[in-house]
Structures are given as C-alpha cells and as structure tokens.
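Below is one structure; the comments refer to it alone.
Since the model is a prediction, treat every value here as computed from it, not as a measurement. First the proteins, then the strands, lettered A, B, ... as listed; each starts at 1.
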Amino acid sequence: MKQVVKNNFSLTVPVRSVNESFARTAVAAFVSQLDPTIDQINDIKTAVSEAVTNCIVHAYRESIGNIYIKAYIYTNNTVCIKIKDKGVGIDNVSKAMEPLFTTGAGERAGLGFSVMESFMDSLKVTSKKDKGTLVTMTKKISVRVSGNAK
Amino acid sequence: MSVNIQSSGRVVVAYLSGEIDHHSAKQMREQIDAALNSYMPSMLALDFKDVTFMDSSGIGLIMGRYRLLSKTAAQLCIINTPEHIYKIMKLAGIEKLAKLSKGEIKNETGC
C-alpha cells in the first residue's frame, strides 16, 4: 500500500557548527508528534547530527553554503529525513560508508554513516562530485499501546 | 557543555556535561588536554553522567585522548555512561580502548 505524507517540514540553515544542535533538536521536535520513545528520539537526533556534521566537515570544508533538511511523516508512522548539501560531493560513496573510513582531519572517528545506518531503519546516500550529497534516512515509530510503554 | 576537572594524585577525573557534538568537542578537548599536560596522570577517567547527547564526535574525542594517554602508558576509563551513550560507544568498540562502565569509579588503579 502506498503511504501518504501526513505532515512535513523543511529547514534551511547555513553551514555553521552551532546549527548541528539546532537541526537535530528541530527534527526531534517535529518527530515528537508520533509519540516516540526516548530511545527512538535519541537515535534520530544522533543520526541527524551525523549527517549535518558531515555537511560541515566534508561537503563545505572550504566553502560556505546551506544545509537543506526535509522531514516527512507518513500515514504508517514512518518518518523520512532528507539532508542535502551542494558541496564537494563524495568520490566513492561505498568507500565513504565503510566503518572507520574518514578523510576528515584531526579527530574524526569515521563512524558517521555507521551510526546513521545502525540507528535508523534505512539509509540511502547519493552523491555527485562538485554537485553535492543527499542523505535519506527512515525510521518507523511504532504506535505505543497504553500501559505497555517502554 | 562544560568540563569540570578534578585531580587526586595520579588520577584525573573529567566530569563532562551537556551535549557533545562536533561544535562542542573542540573546547572539551582543549580543557581535558590542558589537565593531562599539567598533571601527567597515570589514569584519566571521563565521567559521562551529565552528558545529555553525544554523536560520533564524542567517539573521536575519546579515541584522541586514548592515543595521547598511550604515549605515557596511562589508562583511560569511561564511567557513569548513560544507556543512550553506551549504545554509540559499543557501536564504536570503545571497550577495546578503555574500561567502559555504567557505574562509578572503584579505585585508583582500575575502574
């Protein structure tokens, strides 16, 4: 059955590290209408934080630009989050998604995509050199039965 | 975001609080490293009790301190780890680098 979008929002922020916290908090506030557990909210916040940090550390490493965040809630209680940049793009997406792989200087752990993958239900990354990257993540928020809350 | 450092003998305990992300990790790193440089401890304990959020930037912070401490054969302990932060630490395999505990520090030589 095709799912219908029940609600959505979009947010565009300039590439500033102070917006990492703003972006994840905004998405968490949007998702809260589905009555997620604290664990589910934490998972989503962490995944969003990773994607936004990637935009800052990698996509716009030597430039300025915007981070485009869109979130959708579907009728089956699935949330879909899209985080897009118009930065440098990723040469080899599957290589970039390997755990511990990083091109980041200093103390980047190389775990961003691994975290997104394991904390969300699905992760898709599409990228084009010098055009930018789009990260699409989904997570289903199961309906909680009263008295059975975790 | 803040770091409160306490030193007793050869042990430095850094009480971290607030949110740890790429934005806040830099300042935390500078404060912890300043303490490591002045006390030269044989053990650093990072207390996560009051950390409300952490992404993989926090993992980078831990791995970086581990590398620094291993130069002087000093130990790293991670204590009072809340459940949601424990999850990302396990994913990163932090228990291979540091003693990882959900509880308090037990003695001066171990966690």
Side-chain angles (χ1 to χ4, degrees), chain A residues 13-28 36-61 67 83 96-97 99-120 137 150, chain B residues 1-3 14 16-33 36 44 46 48 50-71 76 78 81-98 100 102:
Chain A
V13 290
V15 59
R16 296 191 56 202
S17 64
V18 70
N19 284 327
E20 291 160 3
S21 148
F22 174 60
R24 65 177 177 257
T25 308
V27 173
T37 63
I38 300 283
D39 283 350
Q40 288 167 333
I41 278 286
N42 274 321
D43 288 352
I44 291 170
K45 276 174 82 174
T46 311
V48 169
S49 197
E50 299 294 350
V52 171
T53 302
N54 275 351
C55 296
I56 295 167
V57 175
H58 300 288
Y60 297 114
R61 183 185 291 182
I67 303 167
I83 295 172
M97 290 177 78
L100 304 177
F101 177 85
T102 183
T103 56
E107 298 196 332
R108 305 303 312 160
L111 286 172
F113 284 129
S114 305
V115 168
M116 290 180 234
E117 207 161 26
S118 74
F119 284 23
M120 300 295 281
M137 309 183 274
K150 199 183 163 188
Chain B
M1 181 280 302
S2 79
V3 185
L16 313 179
S17 69
E19 301 195 320
I20 307 179
D21 60 11
H22 160 252
H23 180 70
S24 66
K26 183 172 178 277
Q27 202 188 328
M28 285 188 161
R29 178 170 69 234
E30 287 167 0
Q31 289 183 42
I32 296 166
D33 288 358
L36 293 181
L44 168 70
L46 298 173
F48 280 82
D50 295 322
V51 176
T52 52
F53 173 85
M54 185 178 99
D55 66 16
S56 72
S57 306
I59 300 297
L61 180 77
I62 296 168
M63 285 164 58
R65 304 296 67 66
Y66 169 78
R67 276 187 220 112
L68 213 61
L69 290 163
S70 51
K71 285 181 190 166
L76 177 62
I78 292 164
T81 316
E83 198 59 49
H84 59 280
I85 293 170
Y86 196 78
K87 186 176 172 181
I88 193 167
M89 288 197 188
K90 289 293 277 186
L91 174 77
I94 287 296
E95 72 275 14
K96 289 179 199 134
L97 313 180
L100 180 57
K102 290 180 183 173

Exercise for the section: For the residue pair Leu91(B) and Val115(A), establish whether any side-chain heavy-atom pair is separated by less than 4.5 Å. Expected result: yes
Handout entry: Close side-chain approach of His84(B) to Lys45(A), heavy-atom, < 4.5 Å
Key = no
Handout entry: Distance-only polar pair, side chains of His22(B) and Glu20(A), donor-acceptor under 3.5 Å
Key = yes
Which answer fits [X], side chain, backbone, both or neither, if we ask what part of it has an atom under 4.5 Å from a heavy atom of chain B?
X	result
Asn19(A)	neither
Ser118(A)	side chain
Arg24(A)	side chain
Ser21(A)	both
Ile56(A)	side chain
Thr46(A)	both
Val52(A)	neither

Exercise for the section: Please identify each residue that fulfils salt bridge (charged side-chain N to carboxylate O under 4.0 Å, His left out) with Arg29(B), with sequence neighbours left out. Expected result: Glu107(A)
Practice task
Mind listing the closest non-hydrogen atom pair of Asp55(B) and Glu50(A) along with its distance?
Solution key: CB-OE2, 3.2 Å
Problem - Heavy-atom neighbours of Arg61(A) CZ exceed 12 at 6.0 Å - result: yes
Problem - CD (Gln27(B)) with more than 12 external heavy atoms under 6.0 Å - result: no
Completion exercise
When rounded to the nearest 0.5 Å, the distance separating OG1 of Thr25(A) from CD of Glu19(B) is 5.5 Å
Practice task
Find the distance between OG (Ser49(A)) and CE (Met54(B)) and round it off to the nearest 0.5 Å.
Solution key: 11.0 Å
Exercise for the section: Among Ser114(A), Ala109(A), Ser17(A), single out the residue with the greatest number of heavy-atom pairs under 4.5 Å to chain B. Expected result: Ser17(A)
Handout entry: For chain A, the option from Ile88(B), Ile59(B), Asp21(B) that forms the most heavy-atom pairs under 4.5 Å
Key = Asp21(B)
